[in-house]
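Quick notes on the structure that follows.
Letters go in sequence order (proteins before strands), and every chain restarts at 1.
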Protein chains: 2
Amino acid sequence: MDQTKDTRPEASEKRQRGVTMETVGRMAGVSQVTVSRALSDPSKVSAKTMRKIQDAIAATGFVPNAIAGALASNKSKLITALVPSITNIVYSSMIRSFSLRMREEGYQILLSETGFDPEDEEVAIAAHLSRRPDALLLTGIHHSAQARRMLLASGLPVVEVWDYTDSPIDMCVGFRHAETGYAAADYAIERGYTKAATIAAGDERALRRKDAFKSRYEQKTGSSVLEMNFESNATLARGREGLAALLDKGFDTGLIFCSSDILAHGVIIEATARGMRIPEDVAVIGFGDQEFAADVEPSITTIKVDREAFGSAAADVLLARFHGETVEEPEIDLGFEIIRRKSA
Amino acid sequence: MDQTKDTRPEASEKRQRGVTMETVGRMAGVSQVTVSRALSDPSKVSAKTMRKIQDAIAATGFVPNAIAGALASNKSKLITALVPSITNIVYSSMIRSFSLRMREEGYQILLSETGFDPEDEEVAIAAHLSRRPDALLLTGIHHSAQARRMLLASGLPVVEVWDYTDSPIDMCVGFRHAETGYAAADYAIERGYTKAATIAAGDERALRRKDAFKSRYEQKTGSSVLEMNFESNATLARGREGLAALLDKGFDTGLIFCSSDILAHGVIIEATARGMRIPEDVAVIGFGDQEFAADVEPSITTIKVDREAFGSAAADVLLARFHGETVEEPEIDLGFEIIRRKSA
DNA sequence: CTGTTAGCGCGTTCAT
DNA sequence: ATGAACGCGCTAACAG
């Protein structure tokens, strides 16, 4: 109905400042404050002026300037979140449930990918703090000293997720990675696997799970655990290569504890391609209980952590904080569960 | 070294306002403006005062308030991005490359998930516009009329990605989904598959690819194409169910065009479990060339779109715009490629 | 090279 | 129920 001319940004040198509450107010015959009130608490404004204001908003296409609002109120309704990788379903599904819950309360999420280097995380944290978020969500419990200092100095609520510590920066929602490795080792021993190996890829937490598995298994059985570690991210190809490498190293039969389901799946594919039977020749335990784990052949025995629960639990503690409630238990261990399927 | 007392947010009623340029300036013996200049363009400040300012910053832990900066300069260094799903690798890998490129230039990305409902997208767009981003990135080319109006009125650069149209809101970077279906049909016919079926799941674009395949295949061969469509997201389980359903419907042998690699993988697993040979009994074409496509058995013939290229191309057109250059070609078709592997 | 002055658009407080 | 005045922390002119 409008915009017949070229309104593309290059047409005008400087970006035009938009419609303000001042504009809307003038059109509705009221002051700027009244418009502000009408938007934040309609009950404080008479029905008649409310209507006039709404008409003016519709006519002008007014969109409140959250930047100005944030500056004035010292509340940004912004949460910034840092994850190692946004393409990793483990983190993205957590963020999804976190966002959903926070959005219900009017918060938006500024998300950044930090990789696995604490230095990079530190830079990202500084950038995020400059946006004056109302809180921050971090992945993991290991951060640079400078990062901790900045976070503490900001006085903002901070939730660390996906790992557990008794002494978080502020609050944490996670699980004990080492425990998953112990549990997997116990499971392997119980089920009679007298030889074991590991394949790990990705972050430091994956290595911690692997180390726990290995130490527990070796300690209890006396049989040493071969391992294959990749610096890179976990992929199907790494899983296949992992099995191949272990076989080369002399591993012939037994159970393989993988740091993720995708690696486990790779092992299954490689084993099948070599005519090995699963779990008779090679048994596999994965990690994560990803969507496909139950549907591949054979289905993958894995360690399940309720990723969505992490997101919503993190949201809950933050919201409690925002609502002025004292968070009794700022360290939450959500645990995990071994899902027994056919691969081990 | 500091913070010996309890500084957790609940300790103080109102969040304390932080260190400002004013504070830093006073400590360094200069005015607030000089601090601002020192940070935005060190060359405009003498080396000596620069040093004093840096010391003061280090001592105070000053973090610039980007909110205030954005309000004053009318530039937020913020790009907001909307994707249907953040857990879908297709979108997240695109966003990853987009972010990386934009971050180099000092931009941050506010990401929201909109699902597949244009109404939800509209709400999200309004919320995003209130943050006064410097540009917006949208997924797809179908948006509500109101959304288009708001976007146009904002005068902001907008990039629509992952689809192609000659008449974008502003700019677009994508590919023609229908063409992929035509190409797949031609491929199937060329390779002698005289029967075909489709399995689709997910968004409207998946259906468009499927429709194109079906119409081209039926038109050229006269043989009708059975189809199985899911409302839900594509999963391995849907792929398995899809094949089962097609077999029930009377499909016995031929090629199946799937709207994603994960569906294709499900078909392969189900077929293998039933003792069917691939591609002799059932041939499969996927879509996306996801990481696992080359590594499953048999490897998946698929349609590859360079997802990372979309992200960086989108970043490039935006950055060109920001740098004041006129974007010659605001509609970019990045095309696609059929990757021939063993499954078809 | 540095300082002064004026906003940016809104929320907050105090009046009325 | 409404308005006037002020300030949030910063950038953008314009001086000097």
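- For the pair A:D41 CG and D:dT2 P, the interatomic distance rounds to 13 Å; values are reported in whole Å.
- Rounded to an integer number of Å, the gap from NZ of B:K44 to P of D:dA13 is 10 Å.
- Of the candidate nucleotides D:dA12, D:dA4, D:dC10, D:dA12 has the atom nearest to the side chain of B:V33.
- Counting any heavy atom pair closer than 4.0 Å across all strands shown, A:R17 reaches sugar-phosphate atoms only and no base atom.
- If you take CD of B:Q32 and P of D:dC8, they are 12 Å apart, rounded to a whole angstrom.
- Atoms CG (A:N65) and C1' (C:dG11) sit 12 Å apart, rounded to a whole Å.
- For the residue pair B:Q108/B:R103, the side-chain donor-acceptor check at 3.5 Å is not satisfied.
- Here B:S73 does not reach the OP1 or OP2 of D:dT11: none of its side-chain N or O atoms lies under 4.0 Å away.
- Not one N or O on the side chain of A:T34 forms a donor-acceptor pair closer than 3.5 Å with the backbone of A:V30.
- In A:E104, the CD atom is crowded: over 12 heavy atoms of neighbouring residues, nucleotides or ligands sit closer than 6.0 Å.
- Taking atom NZ of residue A:K75 and atom C1' of nucleotide C:dT12, one finds them 10 Å apart after rounding to whole Å.
- Nucleotide C:dA15 holds its C1' atom 11 Å from the CZ atom of A:R37, rounded to whole Å.
- What you find for B:D203 and B:Y91 is that their closest heavy atoms are OD2-OH, 2.9 Å.
- Not one N or O on the side chain of B:T49 forms a donor-acceptor pair closer than 3.5 Å with the backbone of B:V45.
- Between A:E121 and A:H143, the side chains place a donor N or O and an acceptor N or O closer than 3.5 Å (distance only, hydrogens not considered).
- Ring centroids of B:Y107 and B:F322 are separated by less than 6.0 Å, placing the two rings close together.
- Contact between the side-chain N/O atoms of B:S36 and the OP1/OP2 oxygens of D:dC10 is not found at any separation under 4.0 Å.
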Salt bridge (charged side-chain N to carboxylate O under 4.0 Å, His left out) evaluation trace for A:D134 with A:K75: CA-CA 6 Å; A:D134 289 337; A:K75 270 175 278 171; over 6 Å; no
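- Listed pair A:S31 / D:dT2 fails the phosphate criterion, with no side-chain N or O lying under 4.0 Å from OP1 or OP2.
- Distance A:E22 CD to C:dG11 P: 13 Å, rounded to the nearest Å.
- A heavy atom closer than 4.0 Å to some atom of DNA chain C occurs in no member of residues 125-135 of chain B.
- Residues of residues 45-57 of chain B having a heavy atom closer than 4.0 Å to DNA chain C, listed by number: B:V45, B:S46, B:T49.
- B:A124 approaches B:L82 most closely through the heavy-atom pair CB-CD2, 3.8 Å.
- Checked against C:dG11, D:dC10, D:dG3, the side chain of A:T34 finds its nearest nucleotide in D:dG3.
- Regarding B:L71, its CG atom lies at a distance of 12 Å from the P atom of D:dG9, rounded to whole Å.
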